[in-house]
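From a predicted model like this one, the values you see are computed outputs, not experimental measurements. Numbering of residues begins at 1 and proceeds along the displayed sequence.
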Amino acid sequence: AYDMGRRGDDYLVAFHALSYMSDVLHLKGKLNRAAELSQQAIELAGQSPAAGPARFFLGVVLYEWNKLEESTHNLQIAADLLGIRGTPDNIDNSNIVLANARLTRGDITGCLAAMEKSSQAASRGNMRPATQARQAAWRIMLAIRQDDLTAALYWGSRLSEYDDVLQFQ
């Protein structure tokens with residue numbers, strides 16, 4: 001898809017192919033190559049909102065490498081870009097991952113700000129139930145990391161609302 005996009009001067013296809021191939025490589029544990037493809041997609045997309053997914057995937061790889069400052073920087077850009085043209089699911093996901101990175105760095109205020117943007121995306125509607133379930137699960141994890149048992153219990157009870165989309169057997 002990348003080669004076809006480049007040959008046809010369809011850069012949208014080209015950088016989306018690079019971005020999502022980066023995600024696949026990340027999931028396969030090929031982090032160096034995943035980071036390289038994300039960087040290529042970012043260079044191709046520039047500062048356009050279409051660079052959001054590549055910034056997100058790069059931020060996730062950098063987080064796994066414990067490069068927290070660089071990770072947070074890329075995740076913030078991803079959240080901002082996806083906020084311009086992303087779906088509620090993408091806006092939610094980018095802000096939840098950004099919140100996690102900020103919390104890891106000890107930035108509670110930044111974490112809560114990102115979670116608020118995640119909640120705003122959810123309140124706009126049109127969010128898939130699986131994304132809503134993932135949001136509740138992340139909120140449980142964040143509450144536990146903050147030693148907030150009340151919030152963890154609350155979000156745990158909300159998670160049960162998604163039994164139909166969760167595949168627990």
Side-chain angles (χ1 to χ4, degrees), residues 19-20 22-43 45-124 127-128 130-162 166:
S19 294
Y20 292 106
S22 169
D23 186 33
V24 169
L25 290 168
H26 163 255
L27 294 173
K28 289 183 166 190
K30 298 179 179 185
L31 301 182
N32 289 324
R33 186 68 178 136
E36 289 171 10
L37 292 183
S38 290
Q39 288 286 11
Q40 285 180 321
I42 291 165
E43 290 170 17
Q47 295 299 313
S48 76
R55 288 283 186 175
F56 175 79
F57 297 135
L58 180 59
V60 170
V61 169
L62 291 166
Y63 182 87
E64 289 199 25
W65 284 338
N66 204 33
K67 295 183 176 184
L68 300 178
E69 187 172 330
E70 293 173 65
S71 172
T72 304
H73 173 75
N74 279 281
L75 291 169
Q76 180 63 64
I77 293 171
D80 292 344
L81 294 175
L82 289 167
I84 294 170
R85 73 170 215 47
T87 65
D89 296 274
N90 289 339
I91 295 167
D92 172 70
N93 193 42
S94 63
N95 278 289
I96 286 175
V97 175
L98 174 60
N100 186 54
R102 285 183 168 166
L103 184 60
T104 300
R105 291 184 67 203
D107 179 5
I108 302 297
T109 302
C111 170
L112 296 175
M115 288 307 295
E116 178 58 31
K117 287 186 179 181
S118 171
S119 294
Q120 290 170 1
S123 70
R124 290 185 201 130
M127 189 178 288
R128 295 176 308 141
T131 302
Q132 293 172 339
R134 186 178 61 241
Q135 182 186 74
W138 270 102
R139 287 184 175 275
I140 293 167
M141 298 292 288
L142 289 170
I144 290 169
R145 290 181 63 196
Q146 293 177 289
D147 293 324
D148 186 348
L149 185 57
T150 302
L153 290 171
Y154 169 78
W155 286 104
S157 69
R158 294 287 310 274
L159 191 59
S160 67
E161 296 172 18
Y162 304 103
L166 299 172

Measure from the side-chain N and O atoms of [X] to the backbone N and O of [Y], and report whether any donor-acceptor pair falls under 3.5 Å.
X: S118; Y: N95; answer: no
X: N93; Y: D89; answer: no
X: S22; Y: A34; answer: yes

Atom [atom1] of [X] and atom [atom2] of [Y]: how far apart are they, to the nearest 0.5 Å?
X: H73; Y: E69; atom1: NE2; atom2: CD; answer: 9.5 Å
X: Q47; Y: D80; atom1: CD; atom2: CG; answer: 10.5 Å
X: N100; Y: W138; atom1: CG; atom2: CH2; answer: 4.0 Å
X: Q132; Y: R134; atom1: CD; atom2: CZ; answer: 10.5 Å
X: I144; Y: L153; atom1: CD1; atom2: CG; answer: 9.0 Å
X: L37; Y: N32; atom1: CG; atom2: CG; answer: 11.0 Å

Nearest heavy-atom neighbours spanning [X] and [Y]:
X: I91; Y: L82; result: CG1-O, 3.3 Å
X: A99; Y: L142; result: CB-CD1, 4.2 Å
X: A50; Y: A45; result: C-CB, 4.3 Å
X: A133; Y: L159; result: O-CD1, 3.3 Å
X: F57; Y: S19; result: CD1-O, 3.0 Å
X: L112; Y: Q146; result: CD2-NE2, 4.3 Å

Decide whether [X] and [Y] meet the rule of one side-chain donor and one side-chain acceptor closer than 3.5 Å.
X: R55; Y: S94; answer: no
X: R33; Y: S38; answer: no
X: T72; Y: Y63; answer: no
X: T131; Y: D92; answer: no

Would you say I77 and L81 make side-chain contact, with heavy atoms under 4.5 Å? yes
Close side-chain approach of V60 to F56, heavy-atom, < 4.5 Å: yes
I'd like to know whether R102 forms a side chain to side chain donor-acceptor pair (under 3.5 Å) with T109, so could you lay out the CA-CA distance, the side-chain angles of the two residues, the decisive distance to 0.1 Å, and finally the verdict. CA-CA 9 Å; R102 285 183 168 166; T109 302; over 6 Å; no
Steps toward side-chain contact (heavy atoms from CB on, under 4.5 Å) verdict (C111, R145): CA-CA 12 Å; C111 170; R145 290 181 63 196; over 6 Å; no
